[in-house]
Amino acid sequence: MKRSKVIEVLTDGSVGSKVVVKGWVRAFRSNRFIQLNDGSTIKNIQAVVDFENFDEALLKRITTGSAIAVTGELVESQGAGQAVEIQVEGIEILGDANPDEVQRTVMQPKRHSLEFLREQAHLRFRTNTFGAVFRIRHAVAYAIHKFFNDRGFYYLHTPIVTGSDAEGAGEMFRVTTLDPINPPLNEDGSVNYKEDFFGKPVNLTVSGQLEAELGALALGQVYTFGPTFRAENSNTSRHLAEFWMIEPEVAFNDLKDNMDLTESFLKYIVDYVLENCKDDLAFLNEREANEQKTKPQNERNEMSLIERLEFVSKNDFKRLTYTEAIDLLLQSKPYKKGQFKFDVKWGIDLQSEHERYLVEKEFNCPVILTDYPAEIKAFYMRQNDDGKTVAAMDVLFPGIGEIVGGSQREERFDVLKEKCKAFDIHEEEIWWYLETRKFGTVPHAGFGLGFERMIMFVTGMTNIRDVIPFPRTPQNAEF
RNA sequence: GCUUCUUUAGCUCAGCUGGUUAGAGCAUCUGACUGUUAAUCAGAGGGUCCCUGGUUCGAGCCCAGGAAGGAGCGCCA
């Protein structure tokens, strides 16, 4: 008989029918009630055993963590916690799990710290929390592809190994096949990269944006969705050395179009999760609520996870310029009381404390800041007419900080060449990028969304290492 | 990279002014019970007190150095 998934049995199963369900045992209570989970839903199915009719040695092997197949009739449950359950007629042990060893793992049926779960990333999928997080992670990835596909975007695969060091987005990981102990040397003692695999130094990508622009300037609208690597020694709950980024790029869009696209995109993702991940979201909502109870009143979230998602879905993002933001900060209470650690004045890069004040105190909703000073933003951002600022935008989310960074791109050949000079970027390194400005250049714009930061927002997880299956961070590449 | 906190049983933690045999809850095991929902009740086993060195009659506790982890900051998405 064909196996039914737990979610099928719970949603479409008809009472009286025979079913086969396979999964992992979460709990075996009273020698009678097996809680079985197969990953298709956060919910377990209860399989009820008349232990008088089964071999005691067989029942002994039904332990937390073991894998079994049960055959039986789907019946209405006599208990309160579930509508239906399986009256077991046959049990097959698929894989044993020794309780003494299970006890040392995160499968041990008790509450665990996230730190302990992180040390067992290979087993944390078995827990309710991480099951929910990774089902939602999938749903968000799918929603992103669906959003862009429905709007006529093309998914463009930009290179992971890149020879250009021009993005300026951060430190890069060198990729080489040279012998690290005895590399071939030039006469002056430097490494001879002509003998390396690609004949020159190459790195893992820090951004697919420049290549995405090339695609957009022919295909019209494209997006990338791939792994991104930053060799920064960042030790925070918001940074990974390997993360996933989505970078749409649209020809003929200006900064306003870019903001509109960003806002509808983020709201679409939130709506998709609210609509399609109800069970997992309800669990994470409850989980967060319980966690909040252990915190002092003033550190608790004002809204629950689901309320926060609904709030973002229903309310317009607050849009203001960098210059307006600086004015607001200068008039703010914490500034006047000297409570900011970092000074505020036009021209500075906003610090976390400033962004948090704007997002969490002043507006209490997502904020889009635009038109930053040119000096603190990348070379490819379009120069505004004031000569001082560029058409940049950062989207700031409560609790997460910067979730999107984007801009209208500099499409004027001469201006871009000047910017390259000012930023010390050699033309011969990005001649291909500059050429698009020579042949039918047009205004265009795009942005980058940190995928994991978005997952943090929709799951309520507060450490980025808990929303990617196998986190890579400084000094940690286990699994 | 900087600041700060933590490290004691499988997990989460307590451990008094430095003093005899290091504790609790949960988990595991054994037994009882059997329509349970984090099942319940009784009992048992389980320790390199992170590592190295020092002070002391005596160190889980004090001092020095190191390691690992968390949080915050910087860099950024």
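Order of the sequence lines sets the chain letters (A, B, ...), proteins ahead of strands, with each chain counted from 1. Because the structure is predicted, anything quoted here is derived from the model rather than measured.
Taking a pair to require two hydrogen-bonding distances under 3.5 Å in either a Watson-Crick or a G-U wobble arrangement, B:rU40 pairs with B:rA32. For B:rA24, the paired nucleotide is B:rU12, the pair qualifying as Watson-Crick or G-U wobble because both relevant distances are below 3.5 Å. Under the Watson-Crick and G-U wobble criteria, each requiring two contacts below 3.5 Å, nucleotide B:rU4 is paired to B:rG70. Across every strand in view, B:rC75 sits unpaired, with no contact that passes the Watson-Crick or G-U test at under 3.5 angstrom. Base pairing of B:rC49: no nucleotide in any strand meets the Watson-Crick or G-U wobble criterion (both distances under 3.5 Å).
An OP1 or OP2 oxygen of B:rG1 is reached within less than 4.0 angstrom by a side-chain nitrogen or oxygen of A:N233. A:S234 has no side-chain polar atom (N or O) that falls below the 4.0 Å cut-off from OP1 or OP2 of B:rC76. Between A:N476 and B:rG69 there is no side-chain N or O to OP1 or OP2 distance below 4.0 Å. Considering only side-chain N and O atoms, A:R32 lies nowhere under 4.0 angstrom from the phosphate OP1 or OP2 of B:rC33.
Among the protein residues, A:R104 comes within range of the sugar-phosphate backbone only, with heavy atoms under 4.0 Å from sugar or phosphate atoms but none that close to a base. Nucleic acid contact class of A:N463 (heavy atoms, under 4.0 Å, all strands): sugar-phosphate only. Within 4.0 Å of A:R465, counting heavy atoms only, lie sugar-phosphate atoms of the nucleic acid but no base atom. Across all strands, A:L114 comes closer than 4.0 Å to no nucleic acid atom at all (heavy-atom distances). At a threshold of 4.0 angstrom between heavy atoms, the contacts of A:G448 are confined to the sugar-phosphate backbone, with no base atom among them. Counting non-hydrogen atoms under 4.0 angstrom, A:D349 reaches the backbone sugars and phosphates but no base. In this structure, A:V404 reaches the sugar-phosphate backbone alone: every heavy-atom distance under 4.0 Å involves primed, P, OP1 or OP2 atoms, never a base. In this structure, A:A27 reaches neither bases nor backbone, as no heavy-atom distance under 4.0 Å exists between it and the strands shown. A:T236 comes within 4.0 angstrom of a base, heavy atoms only. Residue-level contact check: A:T228 touches neither bases nor backbone, having no heavy atom under 4.0 Å from any strand.
Closest contact between the side chain of A:E232 and the listed nucleotides B:rG35, B:rU37, B:rC75 involves B:rC75. For A:I464, counting side-chain heavy atoms from C-beta on, the closest listed nucleotide (B:rA77, B:rG74, B:rU12) is B:rA77. Taking every side-chain heavy atom of A:F342 into account, B:rG74 is the closest of B:rA77, B:rU34, B:rG74. Here B:rG35 is the nucleotide among B:rA77, B:rG10, B:rG35 with the atom lying nearest to any side-chain atom of A:F33. Comparing B:rG74, B:rU34, B:rG70 by their nearest atom to the side chain of A:S30 picks out B:rU34. Here the side chain of A:P109 is nearest to one of B:rC26, B:rU28, B:rG1, namely B:rU28. Comparing atom distances between the A:R29 side chain and each of B:rC75, B:rU37, B:rC11 picks out B:rU37 as nearest. Comparing B:rU30, B:rG35, B:rG25 by their closest approach to the side chain of A:K110 singles out B:rG25.
In this entry the distance linking CD of A:E355 with C1' of B:rC73 reads 13 Å, nearest Å. Here B:rC75 presents its P atom at 14 Å from CZ of A:R230, a figure rounded to the nearest Å. Atom CD in A:Q78 sits about 15 Å away from atom P in B:rU37, given to the nearest Å. Whole-Å rounding puts the A:N53 CG to B:rU34 P distance at 16 Å. The interatomic distance linking A:Q103 (CD) with B:rG47 (P) rounds to 12 Å, in whole Å. Per the geometry, CZ belonging to A:F229 stands 24 Å off P belonging to B:rC75, to the nearest Å. A:L123 has its CG atom 14 Å from the P atom of B:rC11, to the nearest Å. B:rC73 atom C1' lies 11 Å from atom NE2 of A:H239, rounded to whole Å.
One distance of note links CD of A:Q408 with CE of A:M393; it measures 11.0 Å at 0.5 Å rounding.
A distance cut-off of 5.5 Å between ring centres, combined with a plane angle under 30°, places A:F243 in a stacking arrangement with the base of B:rA77.
Residues A:F470 and A:F125 bring their aromatic ring centres within 6.0 Å. You'll find the ring centres of A:F225 and A:Y155 outside the 6.0 Å limit. For A:Y154 and A:F148, the ring centers are positioned 6.0 Å apart or more. Taking the six-membered ring for Trp and the full ring otherwise, A:H145 and A:F147 have centroids separated by 6.0 Å or more.
With the nearest nucleotide of RNA chain B identified for both A:T64 and A:R118, A:T64 has the one nearer the 5' end. Place A:K341 and A:W244 on RNA chain B by their nearest nucleotides, and A:K341 ends up nearer the 5' end.
For A:E85 against B:rG35, a side-chain N or O and a base N or O form a donor-acceptor pair under 3.5 Å. Side chain A:E115 to base B:rG70: no donor-acceptor pair is found below 3.5 Å. Evaluation of atom-type donor-acceptor distances gives no pair under 3.5 Å for the side chain of A:R238 against the base of B:rC73. For A:H112 and B:rC11, a side-chain-to-base donor-acceptor distance below 3.5 Å is absent, hydrogens and geometry of angles not being considered. Residue-to-nucleotide contacts include a donor-acceptor pair under 3.5 Å from the side chain of A:Q82 to the base of B:rU36. Evaluation of atom-type donor-acceptor distances gives no pair under 3.5 Å for the side chain of A:S352 against the base of B:rG72. For A:Q46 against B:rU36, a side-chain N or O and a base N or O form a donor-acceptor pair under 3.5 Å.
The residue from A:Y322, A:Y335, A:F340 that alone fulfils the ring pair (Phe, Tyr, Trp, His ring centres under 6.0 Å) condition with A:H354 is A:F340.
Cation-pi check for A:R409 over A:Y433 is not met; the charged atom does not lie both under 6.0 angstrom from the ring centroid and within 45 degrees of its normal. Taking the ring centre of A:F379 as origin, the terminal cationic atom of A:K419 falls outside the region bounded by 6.0 Å and 45° from the ring axis.
When the C1' atom is compared between B:rU48 and B:rU8, the two are found 12 Å apart, to the nearest whole Å.
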